[in-house]
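A quick write-up on the structure given underneath.
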2 protein chains.
Amino acid sequence: VVGDAGAPRSVTSRALAVLAAFDEAHSRLTLSQIARRAGLALTTTHRLLGELTAWQALERRDDGSYVIGRRLWHLGLLAPVQLELRQAALPYLQDLYDATRENVQLAVREAAHALYVERLSGRASVPIRTRVGVHLPLHATGVGKVLLAHAPDELVDAVLADLAPVTTHTVTDPVRLRRELGDVRRRGYATTAHEMTLGTCSVAAPVTDPGGQVVAAISLVTTASRPDLAQLAPAVRVAARAVTRRLASARP
Amino acid sequence: VVGDAGAPRSVTSRALAVLAAFDEAHSRLTLSQIARRAGLALTTTHRLLGELTAWQALERRDDGSYVIGRRLWHLGLLAPVQLELRQAALPYLQDLYDATRENVQLAVREAAHALYVERLSGRASVPIRTRVGVHLPLHATGVGKVLLAHAPDELVDAVLADLAPVTTHTVTDPVRLRRELGDVRRRGYATTAHEMTLGTCSVAAPVTDPGGQVVAAISLVTTASRPDLAQLAPAVRVAARAVTRRLASARP
């Protein structure tokens, strides 16, 4: 997300470039780090930081570093992904957690990644790598396989052309994965075993919008030693269908 | 949050005024609504909307209205209130939910309001008015009383000077509320009964940062018919203390 210092830019785009300097791996940045990542002069960056901090889009910490401010967080909560999808899904995610005590996740597709919108897990659930707002590869996760199974052909082709292994069990053979995606569409759910994190497996099912488009996926992630993985599929599918029904009834 | 059209403004502040047009009651706006709420000319607003939409800070819906975009949502997730507080608290909130099956909430103080950062509730929990990102009055909620009990004197004075009734049970007598705030500090928890929503009651306890400041509150909201409200206080206090310990151990 590093800007190109040479290109002509509007003032708005410079302010947005300051915000874009922040990401999952860079949630706390100094003035000079922001200037470098945004491709802006220090003086310009300093002035923009002043305006953005005054508005509480950013906050300045005691050590002089900058973080995303509460006002931007608050504004982000108004996005449909949160206000519509996450709100509609939460009670059903909670039901699924109640019934299984396993990690329960809700994700959407963002380009070639699964973006996690919600995750519920108790102290007894198996430790996993997801967190709200994190991107994980489509081909290595249960939700990702569901989203990929319903993605446009061009995206599927692009993903299949570059299947990087995350663990030694990640499916990297495009022929095998394409067959699996067909199974996902036929059966209505996807599974993974050790493909994203060794020792865990998952079952995932699609959430559909009122127009019939798959807009999200719900998954259950559990220990790979659990012998009844396939038996969990109906619970995940029922929860995903419940969210689908909720989205249909909420639409004007 | 309506801007004043007469004041001189930087381009950045105009772009921020466009974003500030959105709030809980205005999560979907047309061009002309945004222009009016931001106090900007239509042409200026149109140009800014183009830039903000291209960056995915906003999204344009099929009906021509604008909503907060996924990128702003995603960026907001990097705020410390989400990345540090919410992440640290979530497993303990889940434990509290597991143990009680009631609504569990996490809130911080924003000026004279309680701002809800997280809420867990199953299908069996009593229906309540909170939602992540919502502001509720300090004096009418359990989390609010905890946060007010540990707020600066000037803020307490200002809140006590204007105690609006939310229900017929809301405490509107400043003398009584000041006494209650003392009780909250002594006992380590706050309670409400029918004060925010008729038919519900709550117990809330403080979360403290490593410097000893109360930075958040956790509450349990249940039906007022539940006879053992005071018996729930230890569970809420234990969960709040667990989050306090987690915040202390996470700090470098």
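Everything numeric here is computed off the predicted structure, so don't read it as measured data. Labels below follow one simple rule: chain letters A, B, ... track the order of the sequence lines, proteins then strands, and each chain is numbered from 1. Atoms considered below: every heavy atom in the structure, side chains included; atoms not considered: hydrogens, waters and symmetry mates.
A:Gln56 does not touch chain B: none of its heavy atoms, backbone or side chain, sits under 4.5 Å away. Proximity to chain B (any heavy atom under 4.5 Å) is shown, for A:Tyr66, by neither the backbone nor the side chain. At a 4.5 Å heavy-atom cutoff, the contact between A:Val81 and chain B is made by side-chain atoms alone. Of the two parts of A:Leu48, only the side chain, counted from C-beta on, holds a non-hydrogen atom closer than 4.5 Å to a non-hydrogen atom of chain B. In this structure, chain B has heavy atoms under 4.5 Å from both the backbone and the side chain of A:Leu75. Using a 4.5 Å cut-off between heavy atoms, A:Gln87 contacts chain B through its side chain alone, with no backbone atom that close. Within the 4.5 angstrom heavy-atom criterion, atoms from both the backbone and the side chain of A:Val117 approach chain B.
In terms of non-hydrogen atom pairs under 4.5 Å with chain B, the most contact-rich of A:Leu83, A:Leu58, A:Val132 is A:Val132. Contact tally against chain A (heavy-atom pairs below 4.5 Å) for B:Leu90, B:Val108, B:Leu93: the top residue is B:Val108. Taking chain B as the reference chain and counting heavy-atom pairs below 4.5 Å, the highest number among A:Glu24, A:Glu59, A:Arg28 is found for A:Glu24. Taking A:Pro80, A:Ala15, A:Ser27, A:Gly69 one by one and counting their heavy-atom pairs under 4.5 Å with chain B, the maximum is reached by A:Pro80.
Contact annotation: the side chain of A:Thr12 never approaches that of B:Thr12 to less than 4.5 Å [non-hydrogen atoms, C-beta and beyond]. For the pair A:Tyr116 and B:Leu77, the minimum side-chain heavy-atom distance is 4.5 Å or more. Contact of the A:Arg71 side chain with the B:Glu110 side chain is not registered, since no non-hydrogen atoms from C-beta on lie closer than 4.5 Å. At a threshold of 4.5 Å between non-hydrogen side-chain atoms, the residues B:Tyr97 and A:Asp98 count as touching. Side-chain contact between B:Gln94 and A:Gln94: present, with at least one pair of heavy atoms (C-beta onward) separated by less than 4.5 Å. The shortest side-chain heavy-atom distance between B:Ser10 and A:Arg47 does not fall under the 4.5 Å cut-off.
Between A:Arg86 and B:Glu118 there is a salt bridge, since a side-chain N of the basic residue sits under 4.0 Å from a carboxylate O of the acidic one. Between B:Arg70 and A:Glu84, no side-chain nitrogen of the basic residue sits less than 4.0 Å from a carboxylate oxygen of the acidic one, so the salt-bridge criterion is not met.
Among the candidates B:Leu19, B:Ile68, B:Val67, B:Leu72, the single residue satisfying the side chain to side chain contact (heavy atoms under 4.5 Å, CB included) test with A:Leu78 is B:Ile68.
Of all non-hydrogen atoms in B:Ala79 and A:Trp73, the two that sit nearest each other are CB-CB, 3.7 Å. In plain terms, the two heavy atoms of B:Ala20 and A:Trp55 that are nearest each other are CB-CZ2, 3.8 Å.
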Quiz item: Does the pair B:Ser13 and A:Glu51 meet the rule for a side-chain hydrogen bond (donor to acceptor under 3.5 Å, both in side chains), with working shown?
Solution: CA-CA 7 Å; B:Ser13 75; A:Glu51 289 198 72; 4.8 Å; no
